[in-house]
Amino acid sequence: SLVSMRQLLDHAAENGYGIPAFNVNNLEQVQAIMAAADALDSPVIMQASAGARKYAGEAFLRHLIDAAIEAYPHIPVVMHQDHGQSPAICMAAIRSGFSSVMMDGSLEADGKSVASYEYNVAVSREVVKFSHSIGVTVEAELGVLGSLETMKGDKEDGHGADGTMTREQLLTDVDQAADFVKQTQCDALAIAIGTSHGAYKFTRKPTGDILAIDRIKEIHARIPNTHLVMHGSSSVPQELLAIIREFGGDMKETYGVPVEEIQEGIRHGVRKINIDTDIRLAMTAAIRQFMFQNPSKFDPRDYLKPARLAAEQVVRARFEAFGCAGQA
Ligand code: G3H
Ligand code: 13P
Ligand code: NA
Ligand code: ZN
């Protein structure tokens, strides 16, 4: 059934686990997530980005998630809007049936320039006001996602904060986080700790200088009742990169966020972990391999089946690793 995200995150906090939030764009991804959740008895957060709405359309996304709820009535499902760029976008998502929204006021509404703190507080507060009155959960974001190796801000959902940033801009400030939550009353807070969106996060396996898990601990110590959210949390499995390369793909050396680091975050208040890239890599690896090994096949079902199965395996692994299995 469709549930509120607040309810799921509160349960996760009480029981000390984290919930992966998977981005969805099409039928096979929705099916893969639900098959894994059903097999492991896990609650589900599915989220749609602006890019997903552009690709599939609002109605298709909403009905795909509705279909998931109908097919698996015993599994709690959150339909969350990822990286809403304005209160108007959040409002539209709520009107179309989303049970949770992210107001990302860390960037201006153009998605390009870093927003002022005051702007972020104002828009997040506004979204909390109209969402809470109707039982919708709100995730806000403080800090700019980006790389502590290159000191470049992340492109968020495809647009981009330009130029070089300081280390402090790329890490969420502890005092500011406490003030932000007090002023906005957001349910969940996405924080910047050195992760970035996409496959190219780190040029080496990250250590504390470029992935600031310590900052999570400091923020959690200050605002223990706020559910923390990690964006850019794909682990970029080396074995998937190897398959992609073996079967004709061209991907450079790259590293993601190790599952052990996410587990450390979960021990310190992280309750929602955003994952998109790992499902993309899993599906692409499976499709490349299938196409290479079966050059005469042409029915999309033939290659989408292994792609769906590969996505399901990633989802299962994260449910298990984050302690989410058995919690539905
Ligand atoms: O926020 C980033 C997610 O990975 C969504 O990516 O904008 O390409 O759909 P997208
Ligand atoms: P990844 O690109 O690491 O999967 O992050 C996804 C994300 O944060 C969506 O909001
Ligand atoms: Na941001
Ligand atoms: Zn994100």
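Remember, it's 1-based here, ligands and their atoms both numbered in the order they're listed. Because the structure is a prediction, the values reported are computed rather than measured.
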Distance filter under 4.0 Å to Asn23 heavy atoms, resulting ligand 2 atoms: 9 (C)

Proximal ligand 2 atoms for Gly232, defined as those under 4.0 Å from one of its heavy atoms: 1 (P), 3 (O), 5 (O), 7 (C), 8 (O)

Side chain, backbone, both or neither: the part of Val257 lying under 4.0 Å from ligand 2 by heavy atom: neither

Pair Glu253-Thr203, side chain to side chain donor-acceptor pair (under 3.5 Å): steps then yes or no: CA-CA 7 Å; Glu253 184 175 14; Thr203 63; over 6 Å; no

Contact atoms of ligand 1, heavy-atom distance to Asn23 under 4.0 Å: 3 (C), 5 (C)

Parallel, tilted or perpendicular: rings of Phe22 and Phe319 (30°, 60°): perpendicular

Positive for side-chain hydrogen bond (donor to acceptor under 3.5 Å, both in side chains) with Glu139, one of Gln47, Gln81, His231: His231

Which of the ligand 2 atoms, numbered from 1, are nearer than 4.0 Å to a heavy atom of His231: 8 (O), 10 (O)

Close approach, Lys201 and ligand 2, non-hydrogen under 4.0 angstrom: yes

His227 ring center near His220 ring center (under 6.0 Å): no

Subset of ligand 2 atoms that lie under 4.0 Å from at least one heavy atom of His83: 10 (O)

Part of Ala199 with heavy atoms under 4.0 Å of ligand 2, whether side chain, backbone, both or neither: neither

Where ligand 2 meets Asp82 - atom numbers and elements under 4.0 angstrom, heavy-atom basis: 9 (C), 10 (O)

Asp278 N/O to ligand 2 N/O under 3.5 Å: no

Distance from atom 2 (O) of ligand 2 to nearest protein heavy atom, with residue and atom: Thr277 OG1, 2.6 Å

Residue His83 vicinity, atoms of ligand 1 by number, heavy atom under 4.0 Å: 1 (O)

Criterion salt bridge (Lys or Arg N to Asp or Glu O under 4.0 Å) on Asp10 and Arg271, from CA distance to verdict: CA-CA 9 Å; Asp10 284 348; Arg271 300 297 159 223; over 6 Å; no

Identity and distance of the protein heavy atom lying nearest atom 7 (C) of ligand 2: His197 CD2, 3.2 Å

Audit row: Ser96, Glu58, side chain to side chain donor-acceptor pair (under 3.5 Å) steps and yes/no: CA-CA 8 Å; Ser96 97; Glu58 186 92 36; 2.8 Å; yes

For His132 against Val136, the heavy-atom pair lying closest together: CD2-O, 3.4 Å

For Ile275, atoms of ligand 2 separated by under 4.0 Å from a heavy atom: 4 (O)

Over 12 foreign heavy atoms within 6.0 Å of CZ, Phe247: yes

Enclosure of Arg204 CZ (heavy-atom neighbours >12, cutoff 6.0 Å): yes

Shortest non-hydrogen contact from Ser124 toward Phe180: OG-CZ, 3.5 Å

Residue Asp276 vicinity, atoms of ligand 1 by number, heavy atom under 4.0 Å: 3 (C), 4 (O), 5 (C), 6 (O)

is_close_aromatic(Tyr255, Phe202), centroid dist under 6.0 Å: no

Which atom of Ala140 lies closest to which atom of Cys186, heavy atoms considered: CB-CB, 4.0 Å

For the Zn ion (ligand 4): the N/O/S atom of His231 at shortest distance: ND1

Ligand 1 contacted by Arg280 (non-hydrogen, < 4.0 Å): yes

Any N or O of Asn25 closer than 3.5 Å to N or O of ligand 1: no

Per-atom contacts of ligand 1 with Asp82, taking only distances under 4.0 Å to non-hydrogen atoms: 1 (O)

